[in-house]
Amino acid sequence: MPAADVTSSSRAHRRPRPRTLGAAALSLALVVGGLTACGAEDTAQDDAEALATKIAEGLVDGDFTGVAFSDASPAEAAEAHAAIVAAVADAPHTVEVTDVVLDEEKTSGTATFAHTWDVSGIPWTYSTEAPLTVFEETWESQWDPALVVEGLVSDETLQLSRTMAPRADILGAGDTPIVTERPVRRVGVDKTRVEATELDATARTLAGLAQIDADAYAAKVAAAGEKAFVDAVTLRTEDPSYDFDAMAAIPGVLLVDATLPLAPTRDFAAPVLGRAGEATAEIVEESEGTIAAGDVTGLSGLQRQYDEQLRGTPGIALEAVSEARGARVLLDQAAVPGEPLRTTLDVGVQQLAEDTLVGQTVPSAIVAIRPSTGEVLASASGTAGGGVSTATTGMYAPGSTFKIVTSLALLRSGLTADSPLDCSAEAVVDGRAFVNYPDYPAGKIGQIPLTDVIANSCNTALINASGQVTQADLASAGEALGLGLAQHPGPGVFTGSVPADAEGTEHAASMIGQGQVQASPMAMATVAASVAAGTTVRPTLLAQEVDPVESDLPEAPAAPLTADEAAQLSAFMRAVVTDGGGSFLQDVPGEPVGAKTGTAQYGDGSTNHAWMIAVQGDLAVAVFVETGDYGSTTAGPLLEAFLDGLA
């Protein structure tokens, strides 16, 4: 006998069984089954299955319109159903009509339904049955709570309790805990402890001590219920910036001890790690029942990106409850703790980078990479960036640090370290004049070898040599040093962009890391790391297997960096320290340092980005300050302090 499915709009579409009904929190997608009569003798079967279809629809969406119950109206059935399932009303629910069996006389029978719920991420399945009978030529059933849940009786309703799973830590190198449960204090006003006439003054006094907007908090307190505890702020217990004793002395103010997953300090890798806290309404809604109001979830950064792994699965207890019978367990699932997220960040190196950037009044960053593995040891963004991950997502002209890329392109064109280039006082391309930086050493003007060009950062020499390499050559050299490649999984990273097509002044500007060339501090640290490693490096911030990142960018360069090329680039960077603008790094303890300074004009040309990249043993570093004087004078001291701190 052929089968026909009936949708929620009761339009028939022929297809084979099974017939499944489903609902999410805010939408309903139903596919239910019924059989089309093969002849007049099958009309009873067809009508019985049509009734089963309507019952199944009602068990999903609570609307029993069109269902004939012998002992209840559709409205009464809907009211009873709503009361039973209120605790799980938002949980996704599907119902499948698995069978409709009639007796020989075709006047009665039984419909069987298979239910599947997703209760806070836990599957719950069972079957129910509905008796079907013919009364005055109409098929009808009986309302029974057992239609909704197997074994449910008239005075029972569902009750759901949840137990949050322990949130897992974010770990650093050597599995050192970075983000872990740390003590905090929730500070707020308990409205039951304050006279109504004093609420506004209390809220404003607390707001001042909590360093939050007084008008906004006073309005929040006024709008809350009469017995509400109104959170003002949650603070680290050990935070010296706040006077907890003064807060506690305000009548009506409560300080509630709690814990939250936090990094060692407020600023520690904050843009990358993100933060966790009480789930927003949007997160709760998007979760389709797996996250409830009051749950702690990731709100930004890695905490948000890998929240499902970190938060685990909540424990649930679903019970059938009645005043007369008490509670009986229908579903009991213990909480499953989250799984730690392993990163490559070295706590000591990261903290040193954060400390080195203290006092910077413009966006800044320090990135440190271990070239041999590509592991990111530090990704620090200065607080002046307003929470933006300058280190990983900043998009800036790299200036003269890009000359390492340019020198690779020139080497590939046939030049050598000793090839003479014309370091003139001025280079003109299509009417645009390019000059060197102020105080460029007069003794390095004229025909000088490529090594001196890079060591002293002669702009004009590279501009004059722009005809020896194409823009595509520059893009290829950038790829070989890691620029513009697909990132590894983890937080978003801008890996750099070197246009493959440019001519005239745009191509000339690209030779010195300006024009349309852009990079992040992470990208320029990757350039240095590739030189140190002797092969193309793709940095990684995660020390575990995760799903790959979809990207249109290549994962490997078309023309990879060779060991011989890297050795020559390393010699160029060493010459910057021994004979050029990085001489102040000569006394850094430990292995010899190679470096490259960088200054890139931006805006109206009167302000500069300040850069430095460096290699020392199995370490590659990039330092960036959005607005400064020159790479050597603004970024240089930060680089020196960082390397000294590691010694």
Side-chain angles (χ1 to χ4, degrees), residues 365 367 394-413 415 421 427 434 436-437 450 453-466 468-485 494-500 502 505-531 536-537 557 561 565-566 568-570 572-573 575-576 580-582 594-602 608-615 620-626 630-632 635:
V367 175
M395 302 173 67
Y396 302 99
S400 293
T401 57
F402 187 77
K403 290 174 182 175
I404 299 301
V405 176
T406 304
S407 62
L408 174 60
L410 290 171
L411 290 173
R412 288 179 169 183
S413 76
L415 270 64
L421 297 180
F434 294 85
N436 294 313
Y437 60 86
L450 179 56
V453 168
I454 302 304
N456 293 278
S457 206
C458 180
N459 291 336
T460 58
L462 296 179
I463 299 296
N464 290 328
S466 61
Q468 299 190 43
V469 293
T470 67
Q471 189 70 21
D473 293 333
L474 285 180
S476 177
E479 270 193 4
L481 290 165
L483 296 182
L485 297 181
F494 175 57
T495 63
S497 175
V498 184
T505 58
E506 281 297 313
H507 174 53
S510 295
M511 296 287 287
I512 56 174
Q514 299 209 157
Q516 299 302 309
V517 176
Q518 289 188 314
S520 65
M522 181 73 75
M524 293 314 298
T526 301
V527 169
S530 296
V531 172
T536 305
V537 169
L561 182 69
E565 291 171 337
Q568 183 57 72
L569 297 178
S570 180
F572 288 157
M573 293 181 70
V576 171
K596 184 67 192 80
T597 57
T599 304
Q601 295 177 338
Y602 75 99
N608 297 328
H609 299 320
W611 292 85
M612 277 205 79
I613 60 175
V615 295
V621 183
V623 177
F624 169 78
V625 180
E626 185 177 76
Y630 303 103
S632 59

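- Among residues two or more places apart in sequence or in another chain, the salt bridge (charged side-chain N to carboxylate O under 4.0 Å, His left out) test is passed with Glu565 by Arg412.
- A donor-acceptor pair shorter than 3.5 Å cannot be found between the side chains of Ser400 and Lys596.
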Evaluation steps, side chain to side chain contact (heavy atoms under 4.5 Å, CB included), between Lys403 and Ser457 = CA-CA 8 Å; Lys403 290 174 182 175; Ser457 206; 2.8 Å; yes
Please test Leu483 against Thr526 for side chain to side chain contact (heavy atoms under 4.5 Å, CB included), starting from the C-alpha separation and ending with a verdict.
-> CA-CA 8 Å; Leu483 296 182; Thr526 301; 5.8 Å; no
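- Residues Leu408 and Leu569 form a side-chain contact, since some pair of their non-hydrogen atoms from C-beta on lies under 4.5 Å apart.
- Residues satisfying the side-chain hydrogen bond (donor to acceptor under 3.5 Å, both in side chains) test with Gln471, not counting sequence neighbours, are His507, Ser510.
- Looking at residues two or more places apart in sequence or on another chain, you find a side-chain contact (heavy atoms from CB on, under 4.5 Å) between Ala465 and Leu410, Leu421, Gln468.
- Tyr396 and Glu626 share a donor-acceptor pair across their side chains, judged by distance under 3.5 Å alone.
- A donor-acceptor pair shorter than 3.5 Å cannot be found between the side chains of Asp473 and Ser476.
- A distance of 13.0 Å separates CD1 of Ile512 from OH of Tyr437, quoted to the nearest 0.5 Å.
- Expressed to the nearest 0.5 Å, how far OG1 of Thr406 lies from CG of Leu411 amounts to 11.0 Å.
- Once rounded to the nearest 0.5 Å, the distance linking CE of Met511 with OG1 of Thr460 reads 11.5 Å.
- With no hydrogens or angles considered, no side-chain donor-acceptor pair links Thr536 and Ser530 at under 3.5 Å.
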